[in-house]
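Here is the naming used below: chain letters follow the sequence lines, and residue numbers restart at 1 for every chain.
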2 protein chains.
Amino acid sequence: MDERQALAAFAALSQETRLQIVRLLVVAGADGMAAGALAERVEVSPSNISFHLKELERAGLITQQRESRSIIYRAGYDALGGLVRFLMEDCCGGHPEICAPAVAAASCCAPAGAKA
Amino acid sequence: MDERQALAAFAALSQETRLQIVRLLVVAGADGMAAGALAERVEVSPSNISFHLKELERAGLITQQRESRSIIYRAGYDALGGLVRFLMEDCCGGHPEICAPAVAAASCCAPAGAKA
DNA sequence: TCCATATTTCAATAATCCTTGAATAGTTGA
DNA sequence: TCAACTATTCAAGGATTATTGAAATATGGA
């Protein structure tokens with residue numbers, strides 16, 4: 001992840017519809033969701049969801065895969081992780097306790113036993 | 001962290017100068033940096049850095065504190081952590097191994113021994 | 001008080017982004 | 001092949017955001 005990619009990713013996430021899409025896909029996990037299903041959930045037109053999905057893909061935050069008539073979108077967990085890493089690089093000047101809140105945040109779904 | 005705050009935060013991070021500011025402050029830790037020092041490092045005019053610092057503060061990502069003539073800015077690690085948590089909420093549909101890359105990302109500066 | 005330092009505010013211009021609806025393209029089953 | 005379903009593309013208009021330089025504010029020391 002370089003600065004250019006990070007900027008594109010943050011820009012992608014700074015729009016309501018797109019942020020909702022990413023969050024839905026993050027929850028959906030490996031199953032992903034079809035474009036139409038996403039459009040229903042976030043209540044926007046097909047053409048509008050398509051516009052935003054393209055933007056998210058261009059930013060590298062989601063992937064697409066055709067499955068019969070539908071196109072399934074999935075969260076790009078690697079890219080999301082890379083984004084967090086880029087933002088927190090060399091953080092807190094050697095005093096880990098200072099940025100503990102930020103670090104702890106990502107233990108979101110770690111299996112019991114793994115700690116941040 | 002609600003959606004409104006998250007959108008403001010991502011919008012704030014989606015601009016080159018502001019992203020550089022946040023990254024510098026994340027590295028600076030508790031010491032923070034003065035507005036002028038930031039302006040020098042990212043090579044923009046005083047008025048421009050001021051504009052972007054205000055934007056970052058409005059988004060809740062940084063804090064300011066006057067110290068004699070200078071105004072010292074510091075990263076808001078709580079807000080950054082909250083942002084990550086918001087993005088990853090209920091992630092990966094109950095399959096933690098899928099979003100492991102994202103979770104691992106935030107072990108950035110964890111003290112030796114802690115791992116994600 | 002006067003000057004220098006450090007930073008912010010303001011107004012105007014330039015650039016970018018979102019929404020909308022109609023038209024187009026790919027896939028499937030009859 | 002035809003019709004239905006699913007999704008994307010395109011162009012136009014409206015709205016938001018960044019940059020610039022000059023002027024203003026706040027602080028500290030002579």
Side-chain angles (χ1 to χ4, degrees), chain A residues 3-25 28 31-76, chain B residues 3-25 28 31-76:
Chain A
E3 186 182 74
R4 189 177 179 73
Q5 290 177 292
L7 283 169
F10 285 126
L13 293 170
S14 72
Q15 203 280 333
E16 181 171 17
T17 301
R18 289 196 295 261
L19 181 55
Q20 291 175 347
I21 291 172
V22 169
R23 275 165 45 91
L24 284 171
L25 293 180
D31 291 344
M33 289 179 73
L38 286 166
E40 258 187 41
R41 284 295 299 273
V42 304
E43 296 181 299
V44 302
S45 70
S47 101
N48 193 250
I49 202 96
S50 192
F51 169 81
H52 290 303
L53 286 169
K54 192 178 171 188
E55 207 66 12
L56 285 169
E57 213 203 356
R58 225 167 43 81
L61 291 174
I62 65 175
T63 62
Q64 64 170 3
Q65 181 181 15
R66 182 173 277 281
E67 214 154 287
S68 179
R69 283 180 191 166
S70 300
I71 295 184
I72 305 296
Y73 286 89
R74 295 187 178 82
Chain B
E3 185 182 73
R4 188 176 180 76
Q5 291 177 292
L7 283 169
F10 284 127
L13 293 170
S14 73
Q15 202 281 333
E16 182 172 17
T17 300
R18 288 196 295 259
L19 182 55
Q20 291 176 348
I21 291 171
V22 169
R23 274 163 47 89
L24 284 171
L25 293 180
D31 291 344
M33 288 178 75
L38 286 166
E40 259 187 39
R41 283 294 300 275
V42 304
E43 295 181 300
V44 301
S45 70
S47 103
N48 193 250
I49 203 95
S50 190
F51 169 80
H52 289 303
L53 285 169
K54 191 177 171 189
E55 207 65 13
L56 285 168
E57 213 203 356
R58 226 169 41 83
L61 291 174
I62 65 176
T63 62
Q64 66 171 0
Q65 180 182 14
R66 181 173 279 277
E67 213 153 287
S68 178
R69 285 183 190 164
S70 300
I71 295 183
I72 305 296
Y73 286 89
R74 297 189 176 80

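- Residue B:Q64 contributes atom CD, which lies 17 Å from atom P of C:dA6 at whole-angstrom precision.
- Nearest-nucleotide assignment on DNA chain D puts the 5′-proximal partner with A:R69, out of A:R69 and A:S47.
- OP1 or OP2 of C:dT7 sits under 4.0 Å from a side-chain N or O of B:S70.
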Under 3.5 Å, which donor-acceptor pairs do the side chains of residues 5-16 of chain B form with other protein atoms, sequence neighbours left out?
{"residue": "B:Q5", "atom": "OE1", "partner": "B:D2", "partner atom": "N", "Å": "3.0"}
{"residue": "B:S14", "atom": "OG", "partner": "B:A11", "partner atom": "O", "Å": "2.8"}
{"residue": "B:Q15", "atom": "OE1", "partner": "B:T17", "partner atom": "N", "Å": "2.9"}
{"residue": "B:Q15", "atom": "OE1", "partner": "B:R18", "partner atom": "N", "Å": "3.1"}

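- With a heavy-atom cut-off of 4.0 Å to chain B, the contacted part of DNA chain D has its first and last nucleotide at D:dA18 to D:dG28.
- Atom CD in A:E67 sits roughly 15 Å away from atom C1' in C:dG26 (whole-Å rounding).
- The stretch residues 48-61 of chain A comes close to DNA chain C through A:N48, A:F51, A:H52, each having a heavy atom under 4.0 Å from the strand.
- With contacts defined as side-chain heavy-atom distances shorter than 4.5 Å, the pair A:Q20/A:R41 does not qualify.
- Axis angle between the ends of the helix from C:dT1-D:dA30 to C:dA30-D:dT1, five pairs each and rounded to 10 degrees, works out to 30°.
- Among the atoms of the strands shown, only primed sugar atoms or phosphate atoms (P, OP1, OP2) are found under 4.0 Å from some heavy atom of A:A34.
- Side-chain contact between A:H52 and A:I21 is present, with at least one heavy-atom pair separated by less than 4.5 Å.
- The CD1 atom of A:I71 sits 11 Å away from the P atom of C:dG26 (whole-angstrom rounding).
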#### Entry: Residues B:L25, B:L38; criterion side-chain contact (heavy atoms from CB on, under 4.5 Å); working and verdict
CA-CA 9 Å; B:L25 293 180; B:L38 286 166; 4.2 Å; yes
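- Distance, A:E43 CD to C:dT19 P: 14 Å, rounded to whole Å.
- DNA chain C is contacted by both A:Q15 and A:R66; A:Q15 maps to the nucleotide lying nearer its 5′ end (nearest heavy atom per residue).
- Annotation: side chain to side chain donor-acceptor pair (under 3.5 Å) contacts of A:E40 (sequence neighbours excluded): none.
- For the segment residues 16-24 of chain B, residues with any heavy atom less than 4.0 angstrom from an atom of DNA chain D are, sorted by number, B:R18.
- Here the closest non-hydrogen pair linking B:R69 and B:R66 is O-NH1, 3.3 Å.
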